[in-house]
Amino acid sequence: MSEKLKVGILGATGMVGQRFITLLYDHPWFEIEVLAASARSAGKTYEEAVGGKWKMDVPMPECVRSMVVRDVSDVENVARDVDMVFSAVNMTKEEIKAIEIEYAKTETPVVSNNSAHRWTEDVPMVIPEINSEHFHVIEAQRKRLGTTRGFIAVKPNCSIQSYTPALAAWKAFEPTQLVVSTYQAISGAGKTFADWPEMVENIIPYIGGEEEKSEQEPLKIFGHIEDGRIVKAEGPQITCQCIRVPVLNGHTATVFINFAKKPTFEELVQALRDFKGPAQELKLPSAPEHFIQYLEDNDRPQVKADVNYANGMGVSIGRLRPDTLFDWKFVGLSHNTLRGAAGGAVECAEMLKALGYITKK
């Protein structure tokens with residue numbers, strides 16, 4: 001590869017920002033150049049700014065400990081030294097929308113973990129294995145923003161990653177209806193058990209905004225570009241419940257599904273095992289060689305056994321069996337802060353680089 005791209009991390013002190021650091025500090029294509037956070041962290045070293053709140057299960061990389069954190073709101077100061085930024089800022093939705101546009105207008109590509117722009121019609125929301133062709137809408141977005149290089153791209157919500165890949169693998173069988181329940185880890189809320197002792201031995205049957213995201217975001221992923229905007233697909237119909245469970249990492253989904261065309265068990269399993277996308281064909285650094293694994297044991301997938309499949313970037317499916325009301329039912333599992341958050345955003349940036357949308361300034 002050519003010289004590494006210099007990247008900034010917006011919201012670097014939070015849990016997703018920390019995960020970005022663990023994924024990028026030794027990345028073959030990207031180099032961490034700037035860490036930015038709120039004004040209260042600005043001017044401190046990264047180690048000072050994080051204090052005792054390093055939440056990753058690996059040590060803080062030495063290369064970032066002494067980096068001086070910049071104010072994320074000082075957009076020009078951050079943007080001048082980087083080729084692109086990853087966004088994981090903790091602000092209101094409207095503030096996130098505004099600041100990501102501001103960065104894009106400095107001709108700095110923004111790859112965001114945030115939800116603020118997921119329903120902006122000319123902002124691609126991408127799982128690289130499934131709908132990387134949506135990145136083509138960037139040209140229309142640049143015209144709207146008045147940029148030649150800057151744009152915003154986002155990855156979808158972590159809650160959909162454990163079942164949407166199966167829908168992509170089964171596209172030929174035309175999924176029509178799904179009933180989904182997700183059982184979501186506390187790190188999805190940026191928490192550990194030390195931060196959130198109330199979650200020990202507890203379940204909370206409500207996560208604000210998650211059910212709408214889980215029902216609607218797959219439709220944008222399966223949509224198409226028309227007149228410079230992404231038009232969401234009309235189906236499948238999805239209804240979902242989202243529940244917070246006492247698990248640190250890993251979102252599990254139970255799914256009941258109907259198909260217009262009636263596949264056999266063997267056809268469904270083979271489709272999962274054979275599924276690959278452009279991320280695999282291009283051999284992106286973060287892309288798993290096998291995106292989806294099917295597990296035959298009745299007690300899999302399990303969080304402890306399977307959440308780190310393919311370095312947390314793969315998806316595990318199991319317990320596929322006929323249902324009495326629907327055609328089939330299954331269980332899915334994905335790592336919510338890797339595939340579902342920072343890792344998915346890094347893979348999006350890799351695809352954008354491979355496609356020529358992100359280059360050196």
Side-chain angles (χ1 to χ4, degrees), residues 1-2 4-10 20 24 27 29-30 75 78-79 82-89 93 96-157 160 164 168 216-233 277-282 284-287 341-361:
M1 296 298 299
S2 59
K4 290 184 180 184
L5 296 175
K6 295 180 178 180
V7 305
I9 301 172
L10 313 181
F20 272 126
L24 292 168
H27 194 281
W29 294 6
F30 305 125
V75 175
V78 174
V82 298
D83 299 308
M84 64 157 294
V85 294
F86 291 97
S87 177
V89 291
K93 187 172 183 177
I96 293 170
K97 277 187 175 182
I99 200 166
E100 289 183 350
I101 289 172
E102 197 174 347
Y103 272 96
K105 286 187 172 182
T106 68
E107 301 294 357
T108 305
V110 178
V111 177
S112 181
N113 180 72
N114 299 107
S115 65
H117 277 290
R118 287 183 191 152
W119 287 99
T120 303
E121 290 182 324
D122 58 9
V123 170
M125 181 176 70
V126 171
I127 298 175
E129 284 81 359
I130 299 176
N131 65 322
S132 61
E133 71 277 6
H134 284 192
F135 285 136
H136 297 319
V137 82
I138 287 170
E139 295 307 323
Q141 184 192 149
R142 283 171 168 164
K143 289 179 182 178
R144 174 175 64 87
L145 295 177
T147 61
T148 58
R149 189 178 179 280
F151 63 87
I152 302 163
V154 300
K155 50 145 290 296
N157 194 50
I160 75 169
T164 302
Q216 293 298 314
E217 288 189 14
L219 302 182
K220 183 171 181 178
I221 288 171
F222 294 128
H224 65 279
I225 298 174
E226 183 178 311
D227 298 327
R229 61 194 180 98
I230 298 171
V231 179
K232 73 177 185 178
Q280 283 69 43
E281 294 165 2
L282 292 169
L284 300 181
S286 297
V346 170
E347 191 181 302
C348 281
E350 292 168 355
M351 179 64 78
L352 287 160
K353 175 177 167 55
L355 295 175
Y357 286 101
I358 300 178
T359 59
K360 293 195 73 64
K361 280 184 177 176

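When reading the values below, keep in mind they use all heavy atoms of this one structure, side chains included, and skip hydrogens, waters and symmetry mates. Just so we're clear, the structure is a prediction, and the values are computed from it rather than from any experiment.
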Heavy-atom side-chain proximity of [X] to [Y] below 4.5 angstrom:
{"X": "V110", "Y": "V85", "value": "yes"}
{"X": "F86", "Y": "L24", "value": "yes"}
{"X": "I127", "Y": "I221", "value": "yes"}
{"X": "V111", "Y": "I358", "value": "yes"}
{"X": "L352", "Y": "I138", "value": "yes"}

Counting distance only, does the side-chain N/O of [X] pair as donor-acceptor with the main-chain N or O of [Y] below 3.5 Å?
{"X": "E217", "Y": "N157", "value": "yes"}
{"X": "K4", "Y": "H27", "value": "yes"}
{"X": "Q280", "Y": "G277", "value": "yes"}
{"X": "N114", "Y": "V89", "value": "yes"}
{"X": "N131", "Y": "M125", "value": "yes"}
{"X": "R149", "Y": "D83", "value": "yes"}
{"X": "E107", "Y": "T148", "value": "yes"}

Distance, nearest 0.5 Å, that separates [atom1] of [X] from [atom2] of [Y]:
{"X": "F222", "Y": "I130", "atom1": "CZ", "atom2": "CD1", "answer": "5.5 Å"}
{"X": "L282", "Y": "M351", "atom1": "CG", "atom2": "CE", "answer": "5.0 Å"}
{"X": "L355", "Y": "E133", "atom1": "CG", "atom2": "CD", "answer": "10.5 Å"}
{"X": "S286", "Y": "F30", "atom1": "OG", "atom2": "CZ", "answer": "8.0 Å"}
{"X": "R118", "Y": "I230", "atom1": "CZ", "atom2": "CD1", "answer": "13.5 Å"}
{"X": "Q216", "Y": "I160", "atom1": "CD", "atom2": "CD1", "answer": "11.0 Å"}

How close do [X] and [Y] get, heavy atom to heavy atom, and via which atoms?
{"X": "A79", "Y": "T108", "result": "CB-OG1, 3.5 Å"}
{"X": "E129", "Y": "A287", "result": "OE2-CB, 4.2 Å"}
{"X": "N113", "Y": "A341", "result": "OD1-CA, 3.1 Å"}
{"X": "K155", "Y": "G344", "result": "CD-C, 4.2 Å"}
{"X": "F20", "Y": "S87", "result": "CE1-O, 4.4 Å"}
{"X": "D122", "Y": "P124", "result": "O-CD, 3.6 Å"}

**Prompt:** Only one of Q141, K93, K97 forms a side chain to side chain contact (heavy atoms under 4.5 Å, CB included) with H117, so which one is it?
**Reply:** K97

**Message:** Among T147, V75, V78, exactly one meets side chain to side chain contact (heavy atoms under 4.5 Å, CB included) together with T106. Which residue is that?
**Reply:** V75

**Item:** Steps toward side-chain contact (heavy atoms from CB on, under 4.5 Å) verdict (V123, E100)
**Value:** CA-CA 11 Å; V123 170; E100 289 183 350; over 6 Å; no

**Item:** More than 12 heavy atoms from other groups under 6.0 Å of NZ on K361
**Value:** yes

**Worked verdict on E139 versus R142 for salt bridge (Lys or Arg N to Asp or Glu O under 4.0 Å)** = CA-CA 5 Å; E139 295 307 323; R142 283 171 168 164; 3.3 Å; yes

**Request:** Any chance you could lay out the side-chain contact (heavy atoms from CB on, under 4.5 Å) test for L10 and Y103, step after step, and finish with the verdict?
**Result:** CA-CA 10 Å; L10 313 181; Y103 272 96; 3.7 Å; yes

**Asked** Can you say whether the rings of F151 and Y357 are parallel (under 30°), tilted (30 to 60°) or perpendicular (over 60°)?
**Response** perpendicular

**Request:** Go through W29 and L5 one step at a time and tell me if the side-chain contact (heavy atoms from CB on, under 4.5 Å) criterion holds.
**Result:** CA-CA 6 Å; W29 294 6; L5 296 175; over 6 Å; no

